[in-house]
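One structure below.
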There are 2 protein chains.
Amino acid sequence: MGDKFDCLKISNQLCFPLYACSKEIVKRYKPYLDPIDLTYTQYITMMVVWEEKEITVKALGDKLFLDSGTLTPVLKKLEQKGYVKRSRSKDDERNLIITLTDEGLELKKQACEIPAKMGKCVQLSPDESAKLYELLYKILGSFPEES
Amino acid sequence: MGDKFDCLKISNQLCFPLYACSKEIVKRYKPYLDPIDLTYTQYITMMVVWEEKEITVKALGDKLFLDSGTLTPVLKKLEQKGYVKRSRSKDDERNLIITLTDEGLELKKQACEIPAKMGKCVQLSPDESAKLYELLYKILGSFPEES
DNA sequence: GTTGATTAAATTGTACACAATCCAATTGTA
DNA sequence: TACAATTGGATTGTGTACAATTTAATCAAC
């Protein structure tokens, strides 16, 4: 028995719990990230650099769904902390190559325990987590390549 | 055949697709929110005000998972645009009451089409959407009342 | 080979988001 | 009734996010 405005109820939105849940979980990383002096954005950036060893800002942005306006200051901060090196590509001077430093690699060891600790914070069964993961990537995959 | 660092791969995180998906969908609201001159945060704030007609900043913050540091400027902006009124409660001067104005009510009519338009942007079946909604609220519900 | 388009980063401006702190109003308790 | 503790908002400072613009390098035609 709803009126035509029911669609505007906050409880009928799918985006809102997504938005709220994302923020709440990111907030819960803080106690684990503070000791290694990283923000969440810096953390996921380091995750990619740990995997790739060497990557352009463009490729990093594609993986993280972030543009240069966000990444430039984040990467400068990470360079300042000594975890990455920023240098132009010899092949194509337009590309900025991000490289992992020894300190950056060292940091990886300290970050190693974080995923397990955070896992306990999300009260879903393995099946539910898998389903959520699947649905989220289904949405992300449905968006056109170039945003 | 993974090593002990596999847990730090971006593709093994549950939070990351949540974070990315939230941002990507919020971004896709822009074309629909621009014509009525609202940002996403202003939009969800108005959603609650449309439902409640009158609500304190505290209650608004509880519903939206936002604190006064975020809401104060958002509400001042909405007041400036003429959609809400901000006034102290007579009962308890600490409480700031947010009230819907006539212009605010008028805006609701123009916002009415947005949820349907956005719905088409998320390529999930009704069942999948319902499941996603359920899982997200399960996570949100598992967090302690006071953050 | 010059010029027009494209591309990758950086920059600028606006708007969150939140921790931490501050302040005024209210409440609880001795 | 004093007065300490609590509460609701506001403020300040830092760090994203992203649109829009700019700049420099490269590419594509011709």
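Quick note on labels: first sequence line is chain A, next is B, and so on, each numbered from 1.
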| message | Please check if the number of heavy atoms outside A/Asp34 that lie under 6.0 Å from its CG is greater than 12. | response | yes

| How many angstroms lie between NZ in A/Lys108 and CG in A/Leu100, if you round to the nearest 0.5 Å? | 8.0 Å

| query | Is the distance from OP1 or OP2 of D/dT11 to the nearest side-chain N or O of B/Lys76 less than 4.0 Å? | reply | yes

| remark: Listed range with range, the stems formed with DNA chain C by at least 3 consecutive Watson-Crick or G-U pairs (under 3.5 Å) are C:1-30 with D:1-30

| When the distance from CG of B/Leu75 to P of D/dG8 is rounded to whole Å, what number comes out? | 16 Å

| query | Could you state the CD1-C1' distance from B/Ile97 to D/dA10, rounded to the nearest angstrom? | reply | 16 Å

| How many Å lie between NZ on B/Lys23 and P on C/dA17, as a whole number? | 12 Å

| task | Starting at atom CG of B/Asp67, determine the distance to atom P of D/dG8, rounded to an integer number of angstrom. | result | 13 Å

| task | Test side chain to side chain contact (heavy atoms under 4.5 Å, CB included) on A/Ile98 and A/Arg86 and set out the steps. | result | CA-CA 5 Å; A/Ile98 305 304; A/Arg86 297 163 69 247; 3.7 Å; yes

| So B/Phe65 and A/Tyr19, ring-ring contact (aromatic ring centres under 6.0 Å, His included) or not? Walk me through it. | CA-CA 10 Å; B/Phe65 296 84; A/Tyr19 158 85; 9.1 Å; no

| Which part of the nucleic acid does A/Thr39 contact within heavy-atom distance under 4.0 Å: base, sugar-phosphate only, or nothing? | sugar-phosphate

| Under 4.0 Å between a side-chain N/O of B/Tyr19 and OP1 or OP2 of D/dA17, yes or no? | yes

| field | Salt bridge A/Glu134-A/Lys138, side-chain N to carboxylate O under 4.0 Å | value | no

| query | Any ion pair linking A/Glu93 and A/Arg88 (charged N to carboxylate O, less than 4.0 Å)? | reply | no

| task | Answer yes or no: does a side-chain N or O of A/Thr72 lie under 4.0 Å from OP1 or OP2 of C/dA10? | result | yes

| query | If you look at every strand shown and take non-hydrogen atoms under 4.0 Å, does B/Asp91 touch a base, only sugar-phosphate, or nothing? | reply | sugar-phosphate

| Hey, does B/Val26 reach any base, or is it just sugar-phosphate, or nothing, if we go heavy atoms under 4.0 Å? | nothing

| Whole-Å gap separating P (D/dC18) and CG (A/Asp62) | 13 Å

| said: In this structure, how many angstroms lie between the P atom of C/dC16 and the OH atom of B/Tyr29, rounded? | reply: 16 Å

| task | Please check the phosphate of C/dC18 (OP1 and OP2 only) for any side-chain N or O of A/Lys30 closer than 4.0 Å. | result | no

| message | What's A/Thr41 touching, base or sugar-phosphate or nothing? Going by heavy atoms closer than 4.0 Å. | response | sugar-phosphate

| query | Does a salt bridge link A/Glu24 with A/Lys27, judged by any charged N lying under 4.0 Å from a carboxylate O? | reply | yes

| Salt-bridge contact A/Glu103-A/Lys81 (side-chain N to carboxylate O under 4.0 Å) | no

| query | A/Leu66 CG to D/dA19 C1': how many Å, rounded? | reply | 15 Å

| DNA chain C contacts among residues 77-87 of chain A, heavy-atom distance under 4.0 Å | A/Arg86

| message | Taking the six-membered ring of A/Tyr40 as reference, does the cationic atom of A/Lys30 (NZ for Lys, CZ for Arg) lie under 6.0 Å from its centre and within 45° of its axis? | response | no

| task | Please tell me if the side chains of B/Val122 and B/Leu132 come closer than 4.5 Å, counting only heavy atoms from C-beta onward. | result | no

| said: What does the B/S/- profile of nucleotides 3-8 of chain C look like, 5' to 3', with a 4.0 Å heavy-atom cutoff to protein? | reply: ----BS

| task | Please determine if a side-chain N or O atom of B/Lys27 lies less than 4.0 Å away from the OP1 or OP2 oxygen of D/dC18. | result | yes

| query | Toward the 5' end of DNA chain C, which comes first, B/Glu93 or B/Phe65, by nearest nucleotide? | reply | B/Phe65

| N-O pairing of B/Lys131 and B/Asp127 below 4.0 Å | no

| remark: Here the distance between atom C1' of C/dA17 and atom CZ of A/Arg28, to the nearest Å, is 15 Å

| said: Between A/Trp50 and B/Phe5 (side chain of the first, backbone of the second, donor and acceptor by atom type, cut-off under 3.5 Å), is there such a pair? | reply: no

| Less than 4.5 Å apart, any side-chain heavy atom of A/Lys23 and any of B/Leu66? | yes

